[in-house]
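A short worksheet on the structure shown next.
Quantities reported herein were computed from a predicted structural model and do not represent experimental measurements. Order of the sequence lines sets the chain letters (A, B, ...), proteins ahead of strands, with each chain counted from 1.
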There are 2 protein chains.
Amino acid sequence: MAKAANRKITAGKRASGAAIPLYAQVEEIIRQRLIDNYWNPGEALPSEMQLAAELGVSQGTVRKALNDMVAENLLVRRQGRGTFVSEHTERRALFLFFNLVGEDGSRTMPVSEVSSCAHRKATPEECERLDLAVGAEIITVQRVRSLHGEPTIVDRVTVSRSLFPNLGGDVKLPENLYRFYQGEYGITITKAQESVRAVSATPEEAEMLSLAPGAPLLEIDRISLSLDGRPVEWRVSRCNTNQHTYVAERG
Amino acid sequence: MAKAANRKITAGKRASGAAIPLYAQVEEIIRQRLIDNYWNPGEALPSEMQLAAELGVSQGTVRKALNDMVAENLLVRRQGRGTFVSEHTERRALFLFFNLVGEDGSRTMPVSEVSSCAHRKATPEECERLDLAVGAEIITVQRVRSLHGEPTIVDRVTVSRSLFPNLGGDVKLPENLYRFYQGEYGITITKAQESVRAVSATPEEAEMLSLAPGAPLLEIDRISLSLDGRPVEWRVSRCNTNQHTYVAERG
DNA sequence: TTGTTGCTGACTTATATAAGACTCGATACG
DNA sequence: CGTATCGAGTCTTATATAAGTCAGCAACAA
């Protein structure tokens, strides 16, 4: 049987001017399946050989596609066991998305206390940041997060109500929201864009964080993107950086 | 002639417990050549075929090694022309190592004015941060950097005098220090670790930046690492983030 | 418990084709 | 004669396939 007959991918090989490499098409198919939760987080994908047979390409091409996605933290390979869908473990969340570390570089999971949780119509700014239609309903959660028992961060989390129905309603919010999003709503956060500034604490913030009014705070403005690249969460954190620093790697 | 006879790499194949993949060894050899400035920045490496022949491995193995190093921004590939040693261009410096952007996300090269330049013995902290022997000589440069004509950043750059002899002596310091290091001293900065805090402006800083004393500033503490992973430059920048923000990508 | 067996990914080599970039000579045109 | 343009040839990297060996892991059998 001819290979092309099995092929799900309309490569047109290299002859035509298609110019989209096979491995990129394979990557796109797998990415779409991840978005559709075709496999569950933590579940093993079919073996490279099986995927290659199904898609009508060679095992080496599948390997390249999978490697690229492993580099993007979408998949995890375990020799002898298989290739798995990435999970938002505590550890992963801590290293990828929580960037306040102690002076010595140590990382601690914060302890949060929700101070308010409301749903209302989105403001124009919220619509713009979260790419929502005007008048869309949103949910905002405000928290105070403590590190080593010290209130250190004041948090405001904003999400679309249509994407996260009932969020904050009956269920208690866990510490790791991203894992919650993945487990409860099938929405996987893969990337975030952060924008950081130095600001002065408002009197309310100063009180919540036991600081003098006007004390310098680090403001982290974060838009979190889901697997398909859409903005899903807007989070503004204001942090006391006397005992902790925000870290970033460059290059 | 047997392949193994030509081989510069003592793989021991996979039979023994060596467990170091061939491509990793190739990578290490090329990395060492980069450190030794075996090739000049901007110069083309030998073709994959030539490298493969020289090292006694297949072209595919060389390709994997080179791809990995391209992913690390050490090399640049140009189809039809060759693989090149990365250069610290303005553009690259701006995107990789300068992270203050305007509210609209635009990036501008700052204009710097050196306010002081001195050499003296390193303090214990400087020794620790730059991994120097006690009593080593260092050079510090202080600058005020302006964006769009507004003084925005107060900078303190510290480097070892033994690595950068005569720096700041007769030659005028250019805007892009990293390119200068690469061009004049053969030292290539590839990575940086940044640690960010919110602080209050000192009276001197406030005056230099035309701010009220005690105004919140963003402090960026950066250790820059060279190709071989050694800390080479310590830079502390204090920034007015009223018109600009510090950006970071996560995930 | 221990050893075997069979699955998986990890690594290496080989081969082939496509496409970008450059050289250089033939050719056409003023 | 001088010049511009086209195209073949030959470098390069980019993509794709195939075949094989090795190593980690788990389940099963002895």
Side-chain angles (χ1 to χ4, degrees), chain A residues 1-4 6-28 30 39 43-71 75-86, chain B residues 1-4 6-28 30 39 43-71 75-86:
Chain A
M1 191 192 300
K3 267 284 168 55
N6 283 342
R7 186 166 292 186
K8 288 204 175 177
I9 303 179
T10 60
K13 212 61 185 266
R14 333 289 317 302
S16 79
I20 298 178
L22 276 185
Y23 73 83
Q25 297 181 45
V26 171
E27 213 174 313
E28 202 42 57
I30 296 177
W39 304 294
E43 184 179 344
L45 269 60
S47 75
E48 295 182 345
M49 279 307 222
Q50 286 170 26
L51 281 173
E54 180 194 352
L55 301 177
V57 298
S58 78
Q59 177 257 5
T61 302
V62 171
R63 166 169 286 268
K64 176 154 175 56
L66 294 183
N67 276 341
D68 288 354
M69 300 180 77
V70 167
L75 302 176
V76 176
R77 312 190 85 133
R78 286 179 222 162
Q79 190 173 2
R81 296 186 54 196
T83 304
F84 298 79
V85 182
S86 283
Chain B
M1 192 192 301
K3 267 286 168 55
N6 283 343
R7 186 167 293 186
K8 287 204 174 179
I9 303 178
T10 61
K13 215 59 187 262
R14 332 289 318 301
S16 77
I20 298 179
L22 277 186
Y23 74 82
Q25 298 181 46
V26 171
E27 213 174 312
E28 201 42 57
I30 295 176
W39 303 293
E43 186 180 341
L45 268 61
S47 75
E48 295 181 345
M49 279 306 204
Q50 285 172 28
L51 280 172
E54 181 194 352
L55 301 176
V57 299
S58 78
Q59 178 256 7
T61 301
V62 171
R63 162 165 291 268
K64 175 152 174 58
L66 293 183
N67 276 340
D68 288 354
M69 300 181 77
V70 167
L75 302 176
V76 176
R77 285 178 172 284
R78 285 180 225 164
Q79 188 174 6
R81 296 186 53 196
T83 305
F84 297 78
V85 181
S86 284

Check your understanding: Which comes earlier along DNA chain D counting from the 5' end, the contact point of Tyr23(A) or that of Gln59(A), where each point is its nearest nucleotide?
Key -> Tyr23(A)
Review point. Considering only side-chain heavy atoms of Ser58(B), which listed nucleotide, dA14(C), dG9(C), dA14(D), is closest?
Key: dA14(C)
Check your understanding: How long is the line joining CG of Leu45(B) and C1' of dC11(D), in whole Å?
Key -> 16 Å
Point to revise | Set of side chain to side chain contact (heavy atoms under 4.5 Å, CB included) partners for Ala24(A), sequence neighbours left out | key: Ile20(A), Pro21(A)
Check your understanding: Of all heavy-atom pairs between Phe84(B) and Leu45(B), which one has the smallest distance, and what is that distance?
Key -> C-CD1, 4.4 Å
Anything under 3.5 Å between a donor and an acceptor, one on a side chain of residues 75-83 of chain A, the other on a protein residue two or more places apart or in another chain? List them.
unit_1, atom_1, unit_2, atom_2, d
Arg77(A), NH1, Asn67(A), OD1, 2.6
Arg77(A), NH2, Glu48(A), OE2, 2.0

**Study point:** Residue met sooner reading DNA chain D from 5', once Lys64(A) and Gln50(B) are mapped to nucleotides
**Key:** Gln50(B)
Check your understanding: Please give, in whole Å, the distance from dA10(C) C1' to Leu66(A) CG?
Key -> 13 Å
Revision key, fill the gap. Between Val26(B) and Ala65(B) the two heavy atoms that sit nearest each other are CG1-CB, 3.7 Å
Check your understanding: Hey, does the side-chain of Arg78(B) have a donor or acceptor N/O within less than 3.5 Å of a partner on the base of dA21(C)?
Key -> no
Check your understanding: What's the CG-C1' distance between Leu75(B) and dT12(D), to the nearest Å?
Key -> 15 Å
Check your understanding: Starting at CD of Glu48(B) and ending at P of dT15(D), how long is that distance when rounded to a whole Å?
Key -> 11 Å
Review point. With respect to the side chain of Pro21(B), which nucleotide from dT8(C), dT17(D), dC11(C) is positioned closest?
Key: dC11(C)
Point to revise | Interatomic distance where CE belongs to Met69(B) and C1' belongs to dT13(D) [whole Å] | key: 17 Å
Check your understanding: Reckon Thr61(A) has a side-chain N or O less than 4.0 Å from the OP1 or OP2 of dT15(D)?
Key -> no
Study note, to complete from the structure: Whole-Å distance, Met49(A) CE to dA10(C) C1', equals 14 Å
Exercise for review: Tell me, please, which residues at least two apart from Ser58(B) pass side chain to side chain donor-acceptor pair (under 3.5 Å).
Suggested key: Thr61(B)
Exercise for review: Within residues 79-86 of chain B, find the residues that approach DNA chain C with a heavy atom at under 4.0 Å, and present them sorted by residue number.
Suggested key: Gln79(B), Gly80(B), Arg81(B)
Practice item. For Gln50(A), enumerate each residue passing the side chain to side chain contact (heavy atoms under 4.5 Å, CB included) test, keeping only those at least two apart in sequence or located in another chain. Key: Pro46(A), Ser47(A)
Point to revise | side chain to side chain contact (heavy atoms under 4.5 Å, CB included) evaluation trace for Leu66(B) with Ile30(B) | key: CA-CA 9 Å; Leu66(B) 293 183; Ile30(B) 295 176; 3.7 Å; yes
Check your understanding: Quick one: which of dT17(D), dA10(C), dT15(D) gets closest to the side chain of Arg63(A)?
Key -> dA10(C)
Point to revise | Spacing between Asp68(B) atom CG and dC11(C) atom C1', to the nearest angstrom | key: 12 Å
Review point. Taking CD from Gln25(A) and C1' from dA14(D), how many angstroms apart are they, rounded to a whole number?
Key: 15 Å
